[in-house]
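To keep things clear, I will list the structure first and then write my remarks on it.
We count residues from 1, following the sequence as given.
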Amino acid sequence: MAAGLRKRGRAGSAAQAAGLCRQWLQRAWQERRLLLREPRYTLLVAACLCLAEVGITFWVIHRVACEEGDPNPPTQVQTCNSKADSSSSIADPYPLPEYPAGFVYIFMGLYYATGRGTDIRMAQNIFAVLYLATLLLVFLIYHQTCKVPPFVFFFMCCASYRVHSIFVLRLFNDPVAMVLLFLSINLLLAQHWSWGCCCFSLAVSVKMNVLLFAPGLLFLLLTQFGFHGALPKLGICAALQVMLGLPFLLENPVGYLSRSFDLGRQFLFRWTVNWRFLPEALFLHRAFHLALLAAHLTLLLLFAVYRWHRTGESILSLLKDPSKRKIVSTLFTSNFIGICFSRSLHYQFYVWYFHTLPYLLWATPAPWLTHLFRLLVLGLIELSWNTYPSTSCSSAALHVCHAVILLQLWLGPQAFPKSIQHSKKAQ
């Protein structure tokens, strides 16, 4: 009899859950006109788009050949290991690719999971799962911020040919770094700061472009914990880098650090997406690089002083009086400023900020930016990244779109009128 009661109880719970789900769907259908405009329906729209993405990604893998818009060498699943196998000594002088240790471990694992880099279809399927995981993490962020109308997510998912190519055709390490970054942001939103810093450091260990988020993270740590409280979190980031790179640091520390974290690496003019309208000599000139760095640091400082803290609050007081701020706005803006002043953007770099663009365009109210105008900006950015080879017009259009977004972020309402601690939404 007890077993029968338990079965009836489970059946009753399942029926109740089904009834609630049915009521929710009926309500969503009744309010279908609001479905694409109200952020509270983000999860429902996200679920539909993720299902659509399963089919789209499967079609891309089986029907679309790798296009010419990316470098011609083999995928990084093969490249990592062809270089790693080229020397019997790890100190000769550093035979691995020009990426940090996390990249080596992950892509060595992919190498063996794909029959020593021969089963590219298996690698594509793994990256398809990675792509869907990225979408899930991004949608969770947008659900918590509750700022972006759901109709925008169609353009973030199904409409980007370049992003699908980066994930499942070329198998770059950029998507691996970004999925770890978005996991880190979700952990920060859940107030798991130590785990968030750990995942952030893991992302940096795959590709150092994640360091563009670092100024925003540093600001958040200082405002959340103060100077002394932020030190242990920063120590987690540093310790993980040392631990992952220890085999290489013990054998050849200079070779590892100079090649894995080479901030002065020279980019090829033929692959630039954002500076095609410049003469190649100017593009390669050291003075141009220093000017971009100065502009980058200046704008970061201006945003930190005037946009990332409360009116009337001294930036120096953040070291003494920790308080919470809006996490997503700070991190996404920090990264976007770095993108705007990058010495060069290659085609695979699009994923560095692609999934953050809807937030940057819609999260800050701006009467002069209508939905149509915002969509036009998104479309022009997508067109610029899909123009191969890049042209002076496509590069100029990209900078114009970036300038519009920066102007909106600067002129919009102040992002931090209240503490996160007393807010229901960590935005």
Side-chain angles (χ1 to χ4, degrees), residues 17 20-54 56-57 129-160 163 175 178-193 195-196 199-200 203 213 216-217 220 324-333 335-336 351 353-365 371 374-375 378 412 415-416 418-427:
L20 290 174
C21 182
R22 185 162 50 251
Q23 291 176 6
W24 188 70
L25 290 174
Q26 288 174 350
R27 181 182 175 186
W29 174 251
Q30 292 170 356
E31 300 180 0
R32 56 189 179 276
R33 293 187 177 181
L34 300 177
L35 189 65
L36 299 179
R37 291 184 294 172
E38 291 293 332
R40 68 176 182 268
Y41 291 116
T42 293
L43 289 183
L44 177 60
V45 174
C48 296
L49 288 174
C50 285
L51 288 175
E53 277 289 3
V54 172
I56 293 173
T57 306
V129 173
L130 185 73
Y131 174 62
L132 294 174
T134 301
L135 286 181
L136 175 62
L137 292 170
V138 170
F139 280 132
L140 287 175
I141 293 171
Y142 280 108
H143 170 65
Q144 293 179 76
T145 58
C146 205
K147 286 289 187 179
V148 180
F151 76 86
V152 180
F153 299 140
F154 170 80
F155 302 95
M156 191 183 74
C157 293
C158 307
S160 179
V163 170
M178 293 310 297
V179 73
L180 290 170
L181 184 278
F182 289 127
L183 176 59
S184 169
I185 294 177
N186 274 279
L187 290 169
L188 295 177
L189 289 173
Q191 301 299 309
H192 299 306
W193 289 88
W195 285 109
C199 284
F200 183 87
F213 291 88
L217 178 61
L220 291 169
K324 298 184 180 180
R325 296 293 185 275
K326 295 184 177 180
I327 295 172
V328 177
S329 297
T330 303
L331 292 174
F332 283 6
T333 302
N335 177 65
F336 182 70
V351 296
Y353 76 136
F354 171 76
H355 293 102
T356 72
L357 289 173
Y359 188 91
L360 294 171
L361 277 167
W362 269 271
T364 305
H371 286 315
R374 289 180 169 101
L375 289 176
L378 276 183
F416 310 112
K418 296 179 180 180
S419 170
I420 288 180
Q421 191 171 8
H422 303 294
S423 175
K424 293 182 179 179
K425 296 293 182 182
Q427 298 170 1

Could you check if a side-chain atom of V179 sits within less than 4.5 angstrom of a side-chain atom of L183, using non-hydrogen atoms only? no

For Y142, which residues count as a ring pair (Phe, Tyr, Trp, His ring centres under 6.0 Å) partner, sequence neighbours excluded? F153

Side chain to side chain donor-acceptor pair (under 3.5 Å) against T134, all qualifying residues, sequence neighbours excluded: none

Just jot down the side-chain contact (heavy atoms from CB on, under 4.5 Å) partners of T356, sequence neighbours excluded, or say none. F182, F332, Y353, L360

Work out which heavy atom in F354 is nearest to a heavy atom in M156; give both atom names and the distance. CE2-O, 3.0 Å

Closest contact, heavy atoms only, L49 versus F154: CD1-N, 3.8 Å

Can you name the nearest heavy-atom pair linking G216 to L331, along with the distance? C-CD2, 3.8 Å

T42 side-chain N/O to P39 backbone N/O, donor-acceptor pair under 3.5 Å: yes

Please report the C-alpha distance between N335 and L181 in whole Å, then the side-chain angles of each, then the deciding distance to 0.1 Å, and finally whether the side-chain contact (heavy atoms from CB on, under 4.5 Å) criterion is met. CA-CA 11 Å; N335 177 65; L181 184 278; over 6 Å; no

Closest heavy-atom pair, P175 versus V351, reported as atoms and distance to 0.1 Å, is N-CG2, 4.3 Å

If we check side-chain contact (heavy atoms from CB on, under 4.5 Å) with N186, which of these qualifies: L136, L137, V138? L137

Kindly give the heavy-atom pair with the smallest separation between L135 and C157, and that separation in Å. CD2-SG, 3.9 Å

Show your working on side-chain contact (heavy atoms from CB on, under 4.5 Å) between W362 and R374 and close with a plain yes or no. CA-CA 8 Å; W362 269 271; R374 289 180 169 101; 3.4 Å; yes

Would you please classify the geometry between the Y131 ring and the H355 ring as parallel, tilted or perpendicular, with 30° and 60° separating the classes? tilted

Determine whether S329 and Y359 satisfy the following criterion, side-chain contact (heavy atoms from CB on, under 4.5 Å), listing intermediate values before the conclusion. CA-CA 8 Å; S329 297; Y359 188 91; 2.8 Å; yes

Not counting sequence neighbours, which residues clear side chain to side chain donor-acceptor pair (under 3.5 Å) with H192? List them please. none

Taking only residues two or more places apart in sequence, or in another chain, which ones meet L180 in a side-chain contact (heavy atoms from CB on, under 4.5 Å)? L202, A203, V206

Can you tell if the side chain of L217 reaches within under 4.5 Å of the side chain of L188, non-hydrogen atoms only? yes

Euclidean distance, C50 SG relative to F139 CZ, rounded to 0.5 Å: 5.0 Å

Counterpart residues, ring pair (Phe, Tyr, Trp, His ring centres under 6.0 Å), relative to F155 (two or more places apart): none

When every non-hydrogen atom of H371 is compared with those of P149, the smallest separation belongs to CE1-CG, 4.2 Å

